[in-house]
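Input: a single structure, listed below in structure tokens.
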Amino acid sequence: MNRLDHILTDISAYHPAADTALVQRAYEFASKAHEGQTRRSGDPYVTHPLAVAQIISELRLDVASVCAGLLHDCVEDTSATVEQLTELFGKEIAFLVDGVTKLGKLPWSTREEQQAENFRKMLLAMARDIRVILVKLCDRLDNMRSLHHLPPEKQERIAAETMQIYAPLANRLGIQWVKVELEDLAFKYTYPGEYEQLAEQVAKTRAERLDYITTVERLIHQEMTANGVPCEVSGRAKHLWSIYQKMKKTNRAFEEIHDAIGFRVVTDTHMHCYAGLGVAHQTWTPIPGRFKDYIALPKPNLYQSLHTAVIGPKGERIEIQIRTREMNLVAEYGIAAHWKYKEGAALAAEQEKKFAWLRQLMEAHKELRDPTEFLESVKLDLFGDEVYVFTPKGDVKALPQGACPIDFAYAVHSSVGDHCSGARVNGMIVPLRYQLRNGDTIEIITSPNQKPNKDWLKLVKTARARTKIRYLMRKEQREKAIVMGKDLIEKALRKHGHAYGKVVKEGTLDAAAKELKLADADELVIQVGYGKVTTAQVIEKIVPEARGKAEPAADKPEGVFRSLLRRVTTRRQSTSGIKVAGEDDIIVRFAKCCSPLPGDQVMGFITRGRGVTVHRRDCDKALDLDPERRVDVEWDGASKTQHEVAIQVMCADKPGLLAVISQTFTDQNVNISQAHCRATDDGRAVNTFKAHVKDLDQLKSIIRALSRIKGVYGVDRVSSETL
């Protein structure tokens, strides 16, 4: 049986009334459209749409989704158009294909901006029809399965994107098996050294682990049935990425991770779930603080289950999850488990309400025009575990772990967040930096005189709070720029015998703005205030006779672009390795918060009195800065400058290991300029090194080499400010 036959058989099994002839037609169209195209593996290109459609059928989605999977690359990679698909397959399928199609033909300045706008488009389509992102997830899963055919740089980029966006999305949609596979595949290419080492360690203990799982499955089943809880029990080892995260979080070696095995108890009713929990705690000693009731308080993705951890047989820590069959279906398939086959509606109205967070996600981020900031903001909403807290009226709010009262205030209402001056948690006054815990009841204290400040950005965890605070901070900066810009232009005009008011009234300032490719006079004033346009440029447009005449040095206004950047008078080759707006003779400093290296995507910000500060594009602090101050920067390929970077190595505290680590730096031709090494109470060591490397490739090389050292648990690039 070929793959298409498998797909048609699967669809007919879960949806007997499905129009399988439409699927057949979609396959024939895709096959013809992709004729002559091949994948990197050498296989005909149509094998990819077929694989995507098969994953979609495994999610038990409808015919339109399967057809969209078969056709999803036709508009992007062939001469087919959305209009053609509409005519042949209908509006529904064409909409799904269009939602998944990339915006590859639009002129974005960087790959990151293009990626962010692609994602924004997908989320907009997803808010209208959830199937868009389900098809995209299946597309990404098949691409990850065949990633080994691509060059290393592409492998790393696609894997990082998968880990940052698509795996969290699968988690948010509740599709656990897709999330787990995406994470492990991304882990393989993002941290190849750590992956290889961990996979080898897991393989060595596989037989022993399987024996243990079989034994404990039988014991749990015996105890449950003996106590009147009918159930099915299955055990599994946690996936590699989960084990690796646990090792990093606890600074422990693989051999010391004792709760890497989980058991699932699937029973009939809610009552049996709670009875099963009692049996588990009666049979084995529960570990304090590890019980979670997701039945009473479901996750936003509808996940329900009881979680507990106990000291199981042979003294091993094991995790037990107890749920009903329906809960288990939702846990594995998420939103896809709620699919209803009804004319004109993919999800019932009740289910649409449960997934209202999709529309809320877009509502929260629609104000963000900057693509990079939009993407980073959405990541905040997708990542991390959650805490469940209560309003004084007893309403539940789900917030990211580590959230503070300011996050809660903005979750209640923007105006409450803007004027938050304090908080009571469980009746007691707490500082705004207090981290909320499960079950806390929070009451926000407001003051009309309170307003957000810069320090709040260091405390908040939610994208909503961060976006609102940034907006108000930038509004304040903009108002200051207007005052400064007006003052600078007014002084410059006065020197040439012109009055600011008259120039504005006659429309001369508007005309000057148009010549400088700005929207209007207001925008011109702002750009002068920010230092991106000089008063000399403005005067040239308004007073033609002043063109080419330099102002006396003493009369040059402070704060304009030329003085901001402190440009040197003679041309010279860049010593920083960075060109600003195409120029290589501008004072540049590198931000210590992210320590950018050649090969990193970067952006520059005008900093008064200190030239241009260069940040990595994914730097949180850079995203807090006003986009109006941003300037285009790029690496100067001819520069041989060495750049400082901080590398943290977590390892066992044993004799000789630090010498091996130091020798590895030497072998990689990397010089250590500073080191801070400390031992912890549990036999671990945290070593942070400042080193000089030529580019990102050399940094990756040293990280890979360090990761392969026996006794090293994790290697990370960290902020230079940590030393």
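Every heavy atom of this structure was used, including side-chain atoms; hydrogens, water molecules and symmetry mates were not.
Scanning all heavy atoms of the two residues, the minimum distance from Thr441 to Pro392 falls at CG2-CA, 4.1 Å. Across all their heavy atoms, Ala280 and Ile320 have their closest contact at CB-CD1, 4.1 Å. Summarising the geometry of Phe605 relative to Val631, their closest heavy-atom pair is N-CG2, 4.4 Å, with the distance given to 0.1 Å. Between Ser719 and Ala646, the closest heavy-atom pair is O-CB, 3.8 Å. Closest of all the heavy-atom pairs between Tyr274 and Ala296 is OH-N, 3.9 Å. Closest non-hydrogen pair, Pro452 versus Leu472, comes out as CG-CD1, 3.5 Å.
In this structure, Asn426 CG and Phe390 CZ are separated by 10.5 Å, a value rounded to the nearest 0.5 Å. The line from CD of Gln304 to CG of Leu297 is 10.0 Å long, rounded to the nearest 0.5 Å. Note that CG of Leu96 is 14.0 Å distant from NZ of Lys136, once rounded to the nearest 0.5 Å. Residue Thr190 holds its OG1 atom at 5.0 Å from CE of Met163, rounded to the nearest 0.5 Å. Rounding to the nearest 0.5 angstrom, the gap separating the CZ atom in Arg470 from the CE atom in Met473 is 11.5 Å. Rounding to the nearest 0.5 Å gives a distance of 7.5 Å between CD1 of Ile322 and OG1 of Thr308.
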Might you work through the side chain to side chain contact (heavy atoms under 4.5 Å, CB included) test for Val715 and Gln648, ending with a clear yes or no?
-> CA-CA 6 Å; Val715 184; Gln648 190 172 79; over 6 Å; no
Go through the steps to decide whether Arg478 and Glu523 satisfy the test salt bridge (Lys or Arg N to Asp or Glu O under 4.0 Å), and finish with yes or no.
-> CA-CA 10 Å; Arg478 193 177 178 88; Glu523 185 65 21; 3.6 Å; yes
Determine, step by step, whether Ile175 and Leu134 satisfy the side chain to side chain contact (heavy atoms under 4.5 Å, CB included) criterion, reporting the C-alpha distance in whole Å, the side-chain angles of both residues, the deciding distance to 0.1 Å, and the verdict.
-> CA-CA 10 Å; Ile175 312 171; Leu134 294 176; 3.4 Å; yes
Test log, rule ring pair (Phe, Tyr, Trp, His ring centres under 6.0 Å), inputs His307 and Tyr294 = CA-CA 8 Å; His307 287 200; Tyr294 292 119; 5.2 Å; yes
Would Val718 and Thr688 count as a side chain to side chain contact (heavy atoms under 4.5 Å, CB included) if you check the C-alpha gap in whole Å, the side-chain angles of each, and the deciding distance to 0.1 Å?
-> CA-CA 9 Å; Val718 295; Thr688 309; 4.2 Å; yes
Begin with the C-alpha distance, continue with both residues' side-chain angles, and end with the deciding distance and a verdict on side chain to side chain contact (heavy atoms under 4.5 Å, CB included) for Thr446 and Ile444.
-> CA-CA 6 Å; Thr446 59; Ile444 298 299; 4.0 Å; yes
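No donor-acceptor distance shorter than 3.5 angstrom exists from the side chain of Thr162 to the backbone of Tyr166, with no hydrogens or angles considered. Checked by atom type and distance alone, the side chain of Arg616 pairs as donor or acceptor with a backbone atom of Cys594 at under 3.5 Å. Looking only at distances, no side-chain donor or acceptor of Ser242 sits under 3.5 Å from a matching main-chain atom of Lys238. A donor-acceptor pair is defined here as one N or O able to donate and one able to accept, closer than 3.5 Å; such a pair exists between the side chain of Asp293 and the backbone of Ile295. No donor-acceptor distance shorter than 3.5 angstrom exists from the side chain of Arg290 to the backbone of Val310, with no hydrogens or angles considered.
Counting heavy atoms from C-beta outward, Met327 and Ser305 have side chains that stay 4.5 Å or more apart. Taking the side chain as every heavy atom from C-beta outward, Tyr244 and Tyr713 never approach each other to under 4.5 Å. Considering only heavy atoms from C-beta on, Thr680 comes within 4.5 Å of Val686 through its side chain. Between Phe187 and Leu240, some side-chain heavy-atom pair lies under the 4.5 Å cut-off. Inter-residue side-chain proximity for Met484 and Ile482 is flagged as unmet; no heavy-atom pair is nearer than 4.5 Å. Within the 4.5 Å cutoff, the side chain of Val265 has no heavy atoms near those of the Arg323 side chain. By the 4.5 Å heavy-atom criterion applied to side chains, Met247 and Glu194 are not counted as neighbours. Contact annotation: the side chain of Ile442 never approaches that of Arg424 to less than 4.5 Å [non-hydrogen atoms, C-beta and beyond].
The salt bridge (charged side-chain N to carboxylate O under 4.0 Å, His left out) search around Glu332 returns Arg264, not counting sequence neighbours. Residues satisfying the salt bridge (charged side-chain N to carboxylate O under 4.0 Å, His left out) test with Asp600, not counting sequence neighbours, are Arg717. Residues passing the salt bridge (charged side-chain N to carboxylate O under 4.0 Å, His left out) test with Lys179, sequence neighbours excluded: Glu183. Shown here are the side chain to side chain donor-acceptor pair (under 3.5 Å) partners of Gln477, two or more places apart in sequence or in another chain: there are none.
Residue-environment remark: CZ (Arg325) exceeds the threshold of 12 foreign heavy atoms within 6.0 Å.
Between the side chains of Tyr471 and Arg466, not a single donor N or O lies within less than 3.5 Å of an accepting N or O. Checking His272 against Thr269 by side-chain atom types alone, a donor-acceptor pair falls below 3.5 Å.
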Name each donor-acceptor pair under 3.5 Å that joins a side chain in residues 403-422 to protein atoms two or more places apart or in another chain, with its distance.
| residue | atom | partner | partner atom | Å |
| --- | --- | --- | --- | --- |
| Asp407 | OD1 | Lys461 | N | 3.0 |
| Asp407 | OD1 | Thr462 | N | 2.9 |
| Asp407 | OD1 | Thr462 | OG1 | 2.7 |
| Asp407 | OD2 | Cys404 | N | 2.9 |
| Asp407 | OD2 | Lys461 | N | 3.1 |
| Tyr410 | OH | Asp418 | OD1 | 2.7 |
| His413 | ND1 | Ser415 | N | 3.1 |
| His413 | ND1 | Ser415 | OG | 3.0 |
| Ser414 | OG | Arg464 | NH2 | 3.3 |
| His419 | ND1 | Gln450 | O | 3.1 |
| Ser421 | OG | Ile445 | O | 3.2 |

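Checked for salt-bridge contact, Lys246 and Glu319 miss the test: no charged N lies under 4.0 Å from a carboxylate O. By the 4.0 Å N-to-carboxylate-O rule, Asp440 lies too far from Arg437 to be salt-bridged with it.
Sorted by first and then second residue, the salt bridge (charged side-chain N to carboxylate O under 4.0 Å, His left out) pairs involving residues 270-279 (not counting sequence neighbours) form an empty list.
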